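Each chain gets a letter, A, B and so on, in the order its sequence line appears, and its residues count up from 1. As a basis for the values below, the full set of heavy atoms in this structure was taken, side chains included, without hydrogen atoms, waters or symmetry mates. Not measured: the values here are computed from a predicted model.
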Number of protein chains: 2
Amino acid sequence: MSVTIYDVAREAGVSMATVSRVVNGNPNVKPATRKKVLEVIERLGYRPNAVARGLASKKTTTVGVIIPDIANAFYAELARGIEDIANMYKYNIILCNSDKQPKKELTLIETLLEKQVDGLLFMGPRVTDEHLDLFRTASVPVVLATTIDPGCQLPSVNIDQRQAAYDATRLLLNHGHTRIAFLGGPLEEFAGLSRFQGYRQALEDAGVPFREELVQIADYRYETALKRMAHFLTLPERPTAVFATSDEMAVAAIHAYQDAGFRVPEDVEVIGFDNIRLASMVRPTLTTVAQPMYDIGAVSMRLLTKYMHNEKVTDSLVFLPHTIEIRGSTRAESKTAVATR
Amino acid sequence: MSVTIYDVAREAGVSMATVSRVVNGNPNVKPATRKKVLEVIERLGYRPNAVARGLASKKTTTVGVIIPDIANAFYAELARGIEDIANMYKYNIILCNSDKQPKKELTLIETLLEKQVDGLLFMGPRVTDEHLDLFRTASVPVVLATTIDPGCQLPSVNIDQRQAAYDATRLLLNHGHTRIAFLGGPLEEFAGLSRFQGYRQALEDAGVPFREELVQIADYRYETALKRMAHFLTLPERPTAVFATSDEMAVAAIHAYQDAGFRVPEDVEVIGFDNIRLASMVRPTLTTVAQPMYDIGAVSMRLLTKYMHNEKVTDSLVFLPHTIEIRGSTRAESKTAVATR
DNA sequence: TTGAAAGCGCTAACAA
DNA sequence: TTGTTAGCGCTTTCAA
């Protein structure tokens, strides 16, 4: 029923190959012929079938993207970076939410591979051997974003999570705090563990004893963090500062303290992580470790295009710089005291 | 190089058709044969090629989704609803950002159609004749979400924008306000205009004169809204309440007033729109018109599956209910005074 | 229950 | 510069 390349060829009095050439911008076509074909295409309303093209050429110009949760501001921003660059290179993306469930991740990878994506962009809490095995069966490049596999075999784009957490903790230490609460994500996850390690290292380097009771684990969300904060507030020796590894959790920390009658940043300082829009839309505004979310997405997609086009890649492990965005939830003096080592 | 259905057939000593049957769960296969084929599939690591399948069957089990901006919390939540339901029905989604640019929207539709998506889910500020013409050339169903075409020909999922704005304005009117500022989105856009109309209607019904100077248009974002708020604050007769048609803008309104020395909700009341997570993470928490964002996405995708599967559709224009979430940016008495007509 | 065979619409040698 | 002709890997009648 729909118009095919064959119809166009017949109507224009040329061969399928010629039509294919003009459709694909092949220069080896006489201008007059091109013009004639173009006219017929227009007249018939011919629309190339990308599936047939994909089968014949073994390229689909679509890449698979596996992301934990697109409704999460952090990942949404990342996804935007991915899509923009994909678009720039004429790729479309098949977007899949994994909810960080390994089973679902594996199924998704399988599905995307069946759909013959030209590349895979994977975001997930952990890259296990099962993931690696599956990736190995893929004949297309895979790039990780915001994670890294244990053996560092796969190309990936990240920030230095450990260092970022170290810097954040250091800022608080520089302000004289010795009871710094750590409100982090699951330690089984790559980022969760790295940040915890950065926090501990900073304490150790500063000669401040690590205390178990100053650590609480949540799922990066406001509601959960609010509950975890209750623990800190019942402590005989209450923390005087909080390092939360997401902005939502940091806001929860602020509210928990405020509700208990404390002022932020006068009585307690709070620093978050990510720098999502929320951070600048709350009062006090949130001091936070800024991840270049959009760029992580953009760079990882760019990296993937390089692999897909067989371009030379100098470093497959890229670490983008993070910064500490000083705002209202920490005291002003901090501006001169950002830790860098 | 990669294993094909033919390899499996040869290895299992059956025909391609039989392999195809077991892969697709066709019951007309002797259990013993099925078992043998399954074994070979496993052993060879056969992975069905969905592109070839798509060409042969004319079904790709992927749908195209055109969304203004996935980095926007409202659309991100919607997208999640879409993806979840798509997934439930075994579809994948190709996600495209349009930034509300008509040109880009049209190109995207064209591209998705070329990719032979089984259906299209479109979100955009306006559905023009050009859109309609393009949709008409599509041999697959199209569903609109958060918009509606002028002729109401295309199926769509929405809330009653006009009524929602009416209700919000009414709440403020019920609190005795006569100078209610309207901080809205572009009037050229479907939602922008509908909400403005609802606002005006509510004023009119209450016998409160409409005043041009109480209207400001922004792009739904915090930063822009903050600038627009300056206008209201310089007015000789300052508005005593603000109806902002996005939560980010409502938060900006609150901050603008707070920075000018006013208290919310004591001195001025503010109501937002959407009910994104931000609304409950700011202090005061935000009273807002709650759109069932996830459900709009989910229902529109479900509707699309019905069309794709040729199921009977009773109503192609669905309006999901909205509510007003009473929180801290309006005065408590309001709880008994929600407008409903 | 199984197989043979004709496409699906296009690309990509290869030849002319 | 153009055309011919194999496929690409699968589904789907139609027969058997």
Side-chain angles (χ1 to χ4, degrees), chain A residues 1-38 40-41 44-62 90 111 113-118 137 139-140, chain B residues 1-38 40-41 44-62 90 111 113-118 137 139-140:
Chain A
M1 24 230 112
S2 70
V3 184
T4 73
I5 199 172
Y6 179 74
D7 299 320
V8 176
R10 183 168 33 69
E11 200 72 11
V14 298
S15 72
M16 284 164 55
T18 299
V19 178
S20 176
R21 286 188 189 100
V22 350
V23 168
N24 293 300
N26 184 319
N28 296 331
V29 180
K30 194 163 59 177
T33 312
R34 179 187 307 282
K35 183 154 171 290
K36 182 174 58 183
V37 171
L38 249 17
V40 175
I41 285 177
L44 265 43
Y46 168 67
R47 177 149 47 215
N49 181 325
V51 171
R53 170 182 293 160
L55 183 59
S57 70
K58 297 184 170 302
K59 299 228 163 310
T60 54
T61 62
T62 103
K90 309 290 183 200
T111 303
L113 258 17
E114 288 184 4
K115 294 221 169 170
Q116 311 298 120
V117 292
D118 291 340
T137 70
S139 51
V140 296
Chain B
M1 24 228 112
S2 69
V3 184
T4 74
I5 199 173
Y6 178 76
D7 299 321
V8 176
R10 183 170 32 69
E11 200 73 10
V14 298
S15 71
M16 285 162 56
T18 298
V19 177
S20 176
R21 286 187 191 100
V22 349
V23 168
N24 294 299
N26 185 318
N28 295 331
V29 181
K30 195 163 59 177
T33 312
R34 178 186 308 283
K35 182 155 172 291
K36 183 173 56 182
V37 172
L38 251 17
V40 175
I41 285 177
L44 264 43
Y46 168 67
R47 178 150 45 215
N49 181 326
V51 171
R53 170 181 295 162
L55 183 59
S57 69
K58 298 186 170 301
K59 300 229 161 310
T60 54
T61 62
T62 103
K90 309 290 183 202
T111 304
L113 257 17
E114 288 184 5
K115 295 221 169 170
Q116 311 298 119
V117 293
D118 291 341
T137 70
S139 51
V140 298

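- Partners of B/Arg47 according to the salt bridge (Lys or Arg N to Asp or Glu O under 4.0 Å) rule, which considers only residues two or more places apart in sequence or in another chain, are A/Glu110.
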- line: With sugar-phosphate taken as primed atoms, P, OP1 and OP2 and all else as base, the protein-contact string of nucleotides 10-16 of chain C at under 4.0 Å (heavy atoms; B, S, -) is BBB----

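- Note on residues 10-22 of chain B: pairs passing salt bridge (charged side-chain N to carboxylate O under 4.0 Å, His left out), not counting sequence neighbours, are B/Asp7-B/Arg10, B/Glu11-B/Arg43.
- For A/Thr60, the side chain to side chain donor-acceptor pair (under 3.5 Å) partners are A/Asp118, not counting sequence neighbours.
- For the helix from C/dT1-D/dA16 to C/dA16-D/dT1, the angle separating the two terminal helix axes comes to 30°, with each axis derived from five pairs and the value rounded to 10°.
- Scanning for side chain to side chain donor-acceptor pair (under 3.5 Å) contacts around B/Ser20 gives B/Asn24, with sequence neighbours left out.
- Sequence neighbours left out, the pairs with a member in residues 26-37 of chain B that pass salt bridge (charged side-chain N to carboxylate O under 4.0 Å, His left out) are B/Lys35-B/Glu39.
- Non-hydrogen atoms lying under 4.0 Å from DNA chain C are contributed by nothing in residues 25-33 of chain A.
- Taking atom NZ of B/Lys36 as the reference point, atom P of C/dT1 lies 14 Å away to the nearest angstrom.
- We find that CD of A/Gln116 is positioned 8 Å from P of D/dC10, with the value rounded to whole Å.
- Note: NZ (B/Lys35) to C1' (C/dT2) measures 19 Å, nearest angstrom.
- The separation between B/Asp118 atom CG and C/dC8 atom C1' is 15 Å, rounded to whole Å.
- With sequence neighbours excluded, no residue satisfies side chain to side chain donor-acceptor pair (under 3.5 Å) with B/Thr111.
- Atom-to-atom, CG of B/Asp7 to P of D/dC8 comes out at 11 Å; the value is rounded to the nearest Å.
- With sequence neighbours excluded, the residues satisfying side chain to side chain contact (heavy atoms under 4.5 Å, CB included) with B/Ser15 are B/Ala17, B/Thr18.
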